[in-house]
2 protein chains.
Amino acid sequence: MRISELSRRSGVPTATIKYYLREGLLPPGRATAATQAEYDETHLRRLRLVRALIGVRGLSVSATKDVLGAVAAHAGERHQVLGLVLGARPVDEDGEPAPAPGSADVDTLIGELGWQVSDHAPSRAVLGETLETLRSLGEEVSHEALLGYAALAERTAVLDLDQLDPHADPVDQAESALLRTVLLEPALLALRRLAQEHESARRNT
Amino acid sequence: MRISELSRRSGVPTATIKYYLREGLLPPGRATAATQAEYDETHLRRLRLVRALIGVRGLSVSATKDVLGAVAAHAGERHQVLGLVLGARPVDEDGEPAPAPGSADVDTLIGELGWQVSDHAPSRAVLGETLETLRSLGEEVSHEALLGYAALAERTAVLDLDQLDPHADPVDQAESALLRTVLLEPALLALRRLAQEHESARRNT
DNA sequence: CACATTGGGTAGTGGCACTATCTATGTTAG
DNA sequence: CTAACATAGATAGTGCCACTACCCAATGTG
């Protein structure tokens, strides 16, 4: 199909599609001539995926590019992909591992839980920073509470992985995992909010 | 204290503080003269809170204003506050309840769980939209899985509420709840990512 | 009473996600 | 075969947002 059909079927203006092509969010079509290119279903799917990541989850264009790049680079290594980027901190100038400043607290917690995660997982830093900020605002999260949250996170992760189709090919599986990891985030937070409202009402009897 | 001290103690430039004052994120100081106003510790705390919501959680300035306004308006009605705005959809032009398009799925789920949440909780819509988007991408979340996530969300909420100090005054309690609800979000998502990486590695033996 | 500081207001900046326009081709209906 | 229309690719422009810089009259301060 040509760009106008891609646009019509996705609801995304052609100008925006061209923009995504320039930014590398969408692979170029197969050029048939100097001013003609052919797109297929994979482009359409990718475009919808990009829109979902940007629109539903609120990722920036560059973060979206990083995420998609990570999936492409590590497809087949599911756990790598799952631990990756996403919320992520900008990497060092030189694009290297990034020191992972992860506070001692976080390291201790992960050790206690027996979790095996790579040293430079950006989530370590996110976790550390968030807890540090809360502490500075006088809202320390106790170690026990943290263990409780971690246990629930672990069960959530089990649920996440149970939903992957083990027969799908690695690339599809990685993409599916990505989609569910990232796009379910707003849903999980919404569930928490609703549960809080319910629980709070319950306690106030 | 005067604005320069507020700036020095918070690390926020005076120009930015003035901006927040204009935007209503920070209440004006007590004016002592035409070109002089006095700020106190509550301003400092509020300023740090604003910075945390914007910086750590990534809320926009206007969303931050809405959140803080909601807390002020509903302090004392903890469950109202907890269910409120936050991630939120922009309200209708007229600022009314907003129809809450919440899909039938979501209503069913909430009914099944026996949760008591207000009809116009924005989280309903967020949840519905997210699930709908995933479905359109061919990643349907089964009803059973959703029930599983909801159960975990409920336990998370219990943990959240357990950490509130029942002796604190309602306003402080509402603020504390807000802080923990909103600021813990990145931390909870980070825990999920780490848990996914661990669980995925574990399964791959 | 000289002078740096402040409150309040207005205008400017840089980044981001598009969006519009232009040109040199291509395609296609008649 | 050609006139009308649709690209691809490039460049420039737009609107919004979160600041940021500057200006002024009015202070407070040594």
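Predicted model, so just to flag it, every value in this text is computed and none were measured.
- Rounded to whole Å, the distance from CG on B/Leu21 to P on C/dG8 is 8 Å.
- Rounded to whole Å, the distance from CD on A/Gln36 to P on D/dA6 is 12 Å.
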Could I get a table of every N or O pair under 3.5 Å where one atom is in the protein and the other is in nucleotides 14-16 of chain D?
none

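- Within the structure, ring-ring contact (aromatic ring centres under 6.0 Å, His included) pairs that include any residue of residues 127-184 of chain B do not occur (at least two apart or interchain).
- Side-chain contact, A/Tyr20 with A/Arg46: no donor N or O sits under 3.5 Å from an acceptor N or O.
- A straight line from CZ of B/Arg2 to C1' of D/dG28 spans 8 Å, rounded to a whole angstrom.
- Screening residues 152-162 of chain B for salt bridge (charged side-chain N to carboxylate O under 4.0 Å, His left out), with sequence neighbours left out, gives A/Arg192-B/Asp160, A/Arg203-B/Asp162.
- Separating the CG atom of A/Leu6 from the P atom of D/dA8 is a distance of 9 Å, rounded to the nearest angstrom.
- With sequence neighbours left out, the side-chain contact (heavy atoms from CB on, under 4.5 Å) criterion links B/Glu139 to A/Arg45, A/Ser176, A/Leu179, A/Arg180, B/Leu134.
- The side chain to side chain donor-acceptor pair (under 3.5 Å) test applied to B/Arg48 returns no partner, not counting sequence neighbours.
- Residues passing the side chain to side chain donor-acceptor pair (under 3.5 Å) test with B/Thr16: none are found, sequence neighbours excluded.
- Protein atom CZ of A/Arg30 is 15 Å distant from nucleotide atom C1' of D/dT7, rounded to whole Å.
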Report, as a single string ordered 5' to 3', how protein heavy atoms within less than 4.0 Å touch nucleotides 18-26 of chain D: B base, S sugar-phosphate only, - not at all. BBB-----B

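- Considering only residues two or more places apart in sequence or on other chains, A/Asp40 meets the side chain to side chain donor-acceptor pair (under 3.5 Å) condition with A/Thr42, A/His43.
- When the P atom of D/dA6 is taken as reference, atom CZ of A/Arg8 falls 13 Å away, rounded to whole Å.
- Going from atom OH of A/Tyr39 over to atom P of D/dA6 covers 16 Å, rounded to whole Å.
- When the P atom of C/dG8 is taken as reference, atom CD1 of B/Ile17 falls 13 Å away, rounded to whole Å.
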Donor-acceptor contacts, no H, no angles, side chain residues 21-39 of chain B, under 3.5 Å, sequence neighbours left out:
residue : atom : partner : partner atom : Å
B/Thr32 : OG1  : B/Gln36 : O            : 3.4
B/Glu38 : OE2  : B/Met1  : N            : 2.6

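- Taking a cutoff of 4.0 Å between a charged side-chain nitrogen and a carboxylate oxygen, A/Glu5 and A/Arg2 do not qualify as a salt bridge.
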